[in-house]
Amino acid sequence: MGSGTGLLEGKVAVVTGGAQGIGFAIAKRYVEEGARVLLGDLDLAAAEAASKELGGEEVARAVRCDVSSYEDVEAMLDAAVDAFGSLDILVNNAGITRDATMRKMTEDQFDQVVSVHLKGAWNGTKLASLIMREQGSGVIINMSSISGKVGNVGQTNYSAAKAGIVGLTKAAAKELAHLGVRVNAVQPGLIRTPMTEAMPQHAWEQKMAEIPMGRAGEPDEIAKVCLFYASDLSSYMTGTVAEVTGGRHL
Ligand code: NAP
């Protein structure tokens with residue numbers, strides 16, 4: 001058991017995009033609470049370094065996975081079952097941005113973002129639920145964004161994909177509830193990660209001005225909500241969307 005209170009003792013979790021940022025923070029929380037975790041990421045070397053930091057192969061492993069590939073996602077989930085014996089929690093977290101106003105956005109930039117976020121989350125939700133329904137239990141958490149609730153200029157691709165993830169979450173929750181599988185979504189606001197550190201200063205300041213709590217969030221503040229959704233603390237919640245934004249875009 002880690003330094004937490006054992007909320008996920010004995011559980012097996014897969015976190016996509018787990019090599020850094022929010023995904024890594026989620027994996028860290030899960031390991032601290034007693035789970036064993038498999039990180040799936042495009043960047044295998046980074047995912048391996050991350051799993052080492054989490055405590056090595058007894059508790060954390062890494063595989064290369066492009067979530068937009070059905071075969072890659074299938075192989076990633078099989079690897080978790082092979083390594084640790086079950087699949088109790090999947091966090092569909094992997095993501096990219098390809099921001100541009102519609103005038104400048106290319107068809108390829110639209111397709112890439114929809115494919116990683118929306119198709120990636122569908123691949124994970126479908127394939128994990130096949131394993132979880134056999135077990136009679138499981139939890140799936142889909143990483144949306146507040147951008148999917150309000151729409152952001154320069155993000156017609158990302159906002160569409162993140163809103164789509166909410167629809168996917170609700171439909172899947174209804175299909176899977178009677179099988180013991182819960183599906184929920186998280187909508188982070190502005191969180192300090194490599195993704196947002198790439199943002200121009202003026203865009204960062206503009207977003208900060210919209211946050212009632214007056215600060216950006218830290219990755220662990222998303223991880224704590226993902227711990228709640230992964231654990232029995234949320235045993236009667238499915239199909240819900242948690243806004244974790246410091247009050248932005250209420
Ligand atoms: P991040 O630091 O860029 O981390 C994303 C991770 O996903 C990276 O390790 C990346 O690998 C990986 N990845 C990208 N494409 C992938 C693919 N096709 N298959 C597998 N892994 C892939 O981003 P983050 O800020 O932690 O974001 C995590 C999630 O939260 C995303 O879904 C994002 O949209 C969402 N979110 C973030 C914020 C925020 O403010 N940060 C706000 C709302 C929502 P590479 O480095 O190799 O590309």
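Predicted model, so just to flag it, every value in this text is computed and none were measured. Atoms within each ligand, like the ligands themselves, are counted from 1 in listed order.
Protein heavy atom at the shortest distance from atom 22 (C) of ligand 1 is Ala94 CB, 3.6 Å. The protein atom (non-hydrogen) at minimum distance from atom 20 (C) of ligand 1 is Cys65 O, 3.0 Å. Thr193 OG1, 3.6 Å is the protein heavy atom nearest to atom 24 (P) of ligand 1. Nearest protein neighbour of atom 23 (O) of ligand 1, counting heavy atoms only, is Met195 CB, 3.5 Å. In terms of protein heavy atoms, atom 4 (O) of ligand 1 is closest to Gln20 NE2, 3.5 Å. For atom 32 (O) of ligand 1, the nearest non-hydrogen atom of the protein is Asn93 O, 2.8 Å. Of the protein's non-hydrogen atoms, the one nearest atom 19 (N) of ligand 1 is Val67 N, 3.0 Å. In terms of protein heavy-atom proximity, atom 40 (O) of ligand 1 is closest to Ile191 N, 2.9 Å.
The heavy-atom pair separating Gly154 from Asn157 by the smallest distance is O-OD1, 4.5 Å. Between Ser68 and Lys119, the shortest heavy-atom contact is O-NZ, 3.8 Å. Between Gly151 and Ser159, the closest heavy-atom pair is CA-OG, 3.6 Å.
In summary, the atoms of ligand 1 found under 4.0 Å from a heavy atom of Gly189, numbered by their order in the structure, are 38 (C), 39 (C), 40 (O), 42 (C), 43 (C). Heavy-atom proximity to Ser144, at under 4.0 Å, picks out these atoms of ligand 1: 44 (C). Distances below 4.0 Å separate heavy atoms of Thr196 from the following atoms of ligand 1: 39 (C), 40 (O), 41 (N). Distances below 4.0 Å separate heavy atoms of Ile96 from the following atoms of ligand 1: 14 (C), 15 (N). Proximity to Gly21 (heavy-atom distance under 4.0 Å) selects the following atoms of ligand 1: 2 (O), 26 (O). Near His117, the atoms of ligand 1 lying under 4.0 angstrom from a non-hydrogen atom of the residue are 32 (O), 34 (O). Counting atoms of ligand 1 from 1 in the listed order, those under 4.0 Å from a heavy atom of Pro194 are 2 (O).
Residues Glu210 and Gln206 have side chains that never bring a donor and an acceptor to within less than 3.5 angstrom of each other. With 3.5 Å as the limit, one finds no donor-acceptor pair spanning the side chains of Ser145 and Gln187. Between Ser86 and Asp88, the side chains place a donor N or O and an acceptor N or O closer than 3.5 Å (distance only, hydrogens not considered). No side-chain donor from either of Asn93 and Thr16 sits under 3.5 Å from a side-chain acceptor of the other. No side-chain donor-acceptor contact under 3.5 Å links His249 and Lys149.
Of the options Gly95, Ser145, Ala46, the smallest heavy-atom separation from atom 5 (C) of ligand 1 is shown by Gly95. Of the listed options Leu42, Asp41, Asp43, Asp41 places a heavy atom closest to atom 11 (O) of ligand 1. Nearest-heavy-atom check against atom 18 (N) of ligand 1 across Asp66, Val15, Asp72 picks out Asp66.
Ion pairing between Glu218 and Lys224 fails under the 4.0 Å rule for side-chain N and carboxylate O. Salt-bridge formation is not detected for the pair Asp41/Arg64: no Lys NZ or Arg NE/NH1/NH2 atom is positioned less than 4.0 Å from an Asp or Glu carboxylate oxygen.
Residue-ligand proximity: Gln187 is placed with every non-hydrogen atom at 4.0 Å or more from ligand 1. Heavy atoms of Ser147 come nearer than 4.0 angstrom to ligand 1 in no pair at all. The shell of residues lying under 4.0 angstrom from ligand 1, judged by heavy atoms, includes Lys162. Contact analysis puts Tyr158 in contact with ligand 1, with a non-hydrogen atom separation below 4.0 angstrom.
Atom SG in Cys226 sits 3.5 Å away from atom CD1 in Ile26 (nearest 0.5 Å).
On a distance-only criterion, Ile22 and ligand 1 share at least one N/O pair closer than 3.5 Å.
Considering only heavy atoms from C-beta on, Arg182 stays 4.5 Å or farther from Tyr236 through its side chain.
Within 6.0 Å of CD on Glu134 lie no more than 12 heavy atoms contributed by other residues, nucleotides or ligands. Heavy-atom contacts from other residues, nucleotides or ligands closer than 6.0 Å to CD of Glu57 number 12 or fewer.
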